[in-house]
Asks: 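My structure is below; once you've seen it, I'll send some questions.
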Amino acid sequence: MPSRLFRHVRFAGLLLAAAAATSARADDMPVIKVEMRDGVILPTVIEVPANTRFKLEISNTGQSPVEFESTELKREKALAAGSTSAIVFRTLDAGTYQVFDDFHPEAKATLVAK
C-alpha cells in the first residue's frame with residue numbers, strides 16, 4: 001500500500017513541475033503592447049522580435065469596438081471598448097507586415113519583425 005501512495009505523490013509532483021515549467025516559459029515570452037483607440041493604432045510602427053515566440057497585448061482604450069487584423073499574418077482579434085486581449089505568435093519571419101482596424105479602416109500600422 002505505501003508504494004502505491006508513493007507513486008501517486010511522485011506523479012502529482014511531476015504534474016506540478018510540468019505546470020511550473022510551462023508557466024516559466026510563458027513569463028519569459030516578450031510582451032509587446034499595442035493601444036487601439038477609435039480609429040488610431042499606437043504605436044504606428046510595432047517592433048517585434050523575429051524568429052522568437054512573443055505575445056502582442058492589445059488594449060482598446062476607446063469608446064467603440066476595434067478589430068486588430070492582418071491579412072498577411074492571418075490574424076484578427078476583436079475587442080470591446082475598454083478591454084484588453086492578447087495574440088501569441090509562435091515565431092515570425094523577419095519582415096514588415098501591415099495591420100489595420102477592420103472597424104475603422106483609416107487606422108493602420110506596420111508590424112516590423114527584426
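Below, all heavy atoms of this structure are taken into account, side chains as well, without hydrogens, waters or symmetry copies.
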Asks: Would a 4.5 Å heavy-atom cut-off, applied to side chains only, mark Leu92 and Leu111 as touching?
Replies: yes
Asks: Test side-chain contact (heavy atoms from CB on, under 4.5 Å) on Asn51 and Asp93; report intermediate values, then the result.
Replies: CA-CA 6 Å; Asn51 305 310; Asp93 291 335; 3.8 Å; yes
Asks: Going from CD on Glu47 to OG1 on Thr110, what distance comes out if it is rounded to the nearest 0.5 angstrom?
Replies: 11.0 Å
Asks: Under a 4.5 Å cut-off applied to non-hydrogen side-chain atoms, are Gln98 and Lys108 in contact?
Replies: no
Asks: Return the minimal non-hydrogen interatomic distance between Thr44 and Ile41, and the atom names on each side.
Replies: CG2-O, 3.6 Å
Asks: Quick one: does any side-chain atom of Asp101 pair with a main-chain N or O of Glu67 as donor and acceptor, under 3.5 Å?
Replies: yes
Asks: Is it true that Val112 and Met36 fall in one hydrophobic cluster, defined by side-chain heavy atoms closer than 4.5 Å?
Replies: no
Asks: Restricting to side-chain hydrogen bond (donor to acceptor under 3.5 Å, both in side chains), what partner residues turn up for Ser70, sequence neighbours left out?
Replies: none
Asks: Distance from Lys33 atom NZ to Leu56 atom CG, nearest 0.5 Å?
Replies: 11.0 Å
Asks: Hey, what do you get for CD1 (Ile87) to CD (Glu57), rounding to the nearest 0.5 Å?
Replies: 11.5 Å
Asks: Group every Ile, Leu, Val, Met, Phe, Trp and Tyr by side-chain heavy-atom contacts under 4.5 Å, then state whether Ile46 and Leu79 land in the same group.
Replies: yes
Asks: Do any N or O atoms from the side chain of Gln63 and from the backbone of Asp38 form a donor-acceptor pair under 3.5 angstrom?
Replies: no
Asks: Quick check: do Pro30 and Val48 have side-chain heavy atoms less than 4.5 Å from each other?
Replies: no
Asks: Following the transitive rule for hydrophobic clusters with a side-chain heavy-atom cut-off under 4.5 Å over Ile, Leu, Val, Met, Phe, Trp and Tyr, establish whether Ile32 and Val99 coincide in one cluster.
Replies: yes
Asks: Between Arg37 (side chain) and Ser59 (backbone), is there a donor-acceptor pair under 3.5 Å?
Replies: no
Asks: Would you say Phe54 and Leu73 are hydrophobically clustered, going by side-chain heavy atoms of ILVMFWY under 4.5 Å?
Replies: yes
Asks: Working to the nearest 0.5 angstrom, can you tell me the gap between Thr96 OG1 and Lys114 NZ?
Replies: 9.5 Å
Asks: What distance do Met29 atom CE and Arg53 atom CZ have between them, rounded to the nearest 0.5 Å?
Replies: 4.0 Å
Asks: So does Glu106 have more than 12 non-hydrogen atoms from other groups sitting under 6.0 Å from CD?
Replies: yes
Asks: ring-ring contact (aromatic ring centres under 6.0 Å, His included): which pairs involve residues 90-114, sequence neighbours left out?
Replies: none
Asks: Looking at Ala81 and Gly62, what are the two nearest heavy atoms and their distance?
Replies: CB-O, 3.3 Å
Asks: Compare every heavy atom of Ala107 with every heavy atom of Gly39, then report the nearest pair and how far apart it is.
Replies: O-CB, 3.2 Å
Asks: I'd like to know if the side chain of Asn60 pairs up with that of Ser83 as donor and acceptor (distance under 3.5 Å, no hydrogens or angles considered).
Replies: no
